[in-house]
Amino acid sequence: MTSNIDFSSISRDLQISRECALLGNYDTSLVYFDGVLQKIQIYIKSIHDPSNKERWIDLKNNLLSEFQIIKDISMELGSFKFTNNKNSNDSLNSYNNDQEVWNVTNNIQHMNIRRTTNRTTNKSSSEALPNWATRTPKENQLKSTMAKSKTFAKKVNTRSALPSNSNSSSLSNLSSKKTTKKGNFTTVKSNSQAGHYSNENISSTSKKNKAIEEEEEPEQVLIHGKPPFNPPGYEKEMIELVTKDILQSTPDVKWDDIAGLKEAKQLLEEAVVLPLWMPDYFKGIRRPWKGVLMTGPPGTGKTMLAKALATECETTFFNVTAGMLTSKWRGDSEKIVRLLWDCARYYAPSTIFIDEIDSLCGARGGEHEASRRVKSEILMQMDGVASSVSSEEGEKEPLIMVLGATNFPWEIDEALRRRLEKRVYIPLPDLEARIQLLQINTKSIKLTSDVDLKELATRLDGYSGADITNICRDASMMSMRRRIKGLRPEEIKNIPKDELEAPVTLEDFNIAISKIQRSVSQADIKKFDQWMEEYGAN
Ligand SMILES: Nc1ncnc2c1ncn2[C@@H]1O[C@H](COP(=O)(O)OP(=O)(O)OP(=O)(O)O)[C@@H](O)[C@H]1O
């Protein structure tokens with residue numbers, strides 16, 4: 001079921017994305033980048049050969065870190081907020097001359113693009129990573145730019161929030177702990193140093209930047225009111241992988257962001273919420289499900305469902321791909337699984353989402369030793385968790401829901417299948433869901449009157465949610481592409497924003513639809529139907 005990947009469109013979009021980033025147009029850059037990552041993700045899901053898959057996963061991870069840098073810069077720039085205080089403009093002007101802290105765009109414009117040699121030159125074209133894939137911007141340079149812009153943002157925010165006649169003593173009330181809350185997460189941060197720096201001459205920055213960075217107390221994130229998880233006996237790097245990369249503070253997806261899939265939403269909610277509400281009832285034979293498997297074609301919303309479940313049910317969300325558990329920790333792979341479950345118990349109630357769970361199984365004949373060990377440990381943890389939750393002793397046991405997702409359910413062996421007791425099919429969107437998808441994806445853009453979403457949805461029969469999102473993204477960029485065609489970077493930078501915001505026309509959609517093919521074939525759907533008939537349980 002290898003997807004036909006359109007390398008040239010990925011290459012073009014990545015190039016546009018990087019150019020936009022270089023020009024300081026981060027929002028557009030992120031939209032393109034997101035599209036590229038999604039296409040690559042769909043392709044990865046369709047690769048069977050483990051070594052080829054691993055190469056593409058590495059590539060995706062490299063691109064993800066590039067994406068994250070652009071996202072961070074964009075967020076930092078967004079945080080440069082000023083009060084209405086008329087002095088705030090003056091403050092800003094005084095910083096403008098400070099090349100060290102202000103030249104964000106210029107620094108990025110002048111960064112070089114690193115080219116590394118493609119080590120896969122002997123591979124066939126579908127196996128070898130294309131040239132564009134191995135280029136990444138100088139991350140260090142971007143990161144140092146980020147550090148500067150962060151420091152700058154802190155100063156500007158601190159300074160502009162102050163009354164114009166403020167002095168150090170009147171700032172003592174700022175030296176308290178500041179607590180912000182988002183979902184299950186509370187951030188406690190001491191800003192006691194704010195007063196020290198706010199009245200100083202900000203243009204002599206570098207020493208003070210350092211001072212701020214050195215003196216600042218790290219943020220303490222409390223999850224479910226608990227301090228950071230830091231068990232003895234594990235390497236720091238391992239703990240960081242689980243608590244920073246796998247544990248996702250704010251999945252921030254709501255049920256309403258997901259088109260269709262009503263039954264899946266209901267089933268998942270019941271599987272997690274009811275045992276939380278009625279722990280006494282869900283004991284013995286009524287114990288909660290050990291795990292739920294979501295299966296279906298790529299790009300149908302499985303990951304979104306897992307994230308929404310965690311958001312809506314307020315459980316701590318652990319988002320992991322099987323590859324993350326096996327690739328880096330080959331020698332120690334079961335240890336990372338134990339740590340993951342310990343962490344999930346600590347922050348319970350928790351949802352552990354394991355994407356590409358099929359890659360832990362050996363049905364393809366290529367099971368690595370690491371995969372085998374990870375799988376056995378997961379099975380043991382699931383058994384352990386389930387038996388403790390169902391304990392009759394009246395103890396309140398931590399609730400951990402394991403959610404697996406796969407595009408290859410037939411690859412999952414019996415042992416794992418048995419633990420994933422509920423098996424839910426996540427299908428391609430029906431007409432109603434396609435209309436909703438188009439509505440969700442076009443809610444922030446203007447459409448001309450000839451665009452009829454219902455008619456478009458009818459034409460998009462057989463397209464996945466991800467395909468439809470890509471079509472909307474592509475269509476929404478058409479007018480911008482027309483406008484910048486043939487222009488030089490300086491000219492592009494000077495185009496007024498409203499000229500780039502022309503409404504999207506039916507013709508734009510037609511062109512996008514003609515370029516983006518259905519990523520799922522009828523034969524694939526048939527395979528899922530057969531598997532669900534035999535093993536489905538919902
Ligand atoms: N039902 C849906 N509602 C809204 N957006 C959707 C839906 N299905 C897919 N999408 C869009 O497609 C993208 C990919 O979806 P998601 O990653 O959840 O799919 P998936 O089934 O997990 O795919 P894969 O199997 O490839 O991991 C989402 O970011 C979203 O933009």
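In listed order, ligands and their atoms are each counted from 1. Just so we're clear, the structure is a prediction, and the values are computed from it rather than from any experiment.
- Near ligand 1, Gln38, Lys45, Asp257, Ile258, Ala259, Leu261, Pro298, Gly299, Thr300, Gly301, Lys302, Thr303, Met304, Asp355, Asn407, Leu437, Gly465, Ala466, Thr469 each place a heavy atom less than 4.0 angstrom from the ligand.
- Note: Phe528 and Trp410 meet the aromatic proximity criterion, with ring centroids under 6.0 Å apart.
- Here side-chain hydrogen bond (donor to acceptor under 3.5 Å, both in side chains) pairs that include residues 254-264, with residues two or more places apart or in two chains, are Trp255-Glu269.
- Geometric assessment of Arg423 against the ring of Tyr535 yields a negative cation-pi assignment under the 6.0 Å and 45° thresholds.
- Looking only at atom types and distance, the side chain of Glu534 has no donor-acceptor partner in the side chain of Gln530 under 3.5 Å away.
- Neither side chain, Thr315 nor Ser350, offers a donor N or O lying under 3.5 Å from an acceptor on the other.
- A donor-acceptor pair shorter than 3.5 Å can be found between the side chains of Gln381 and Arg345.
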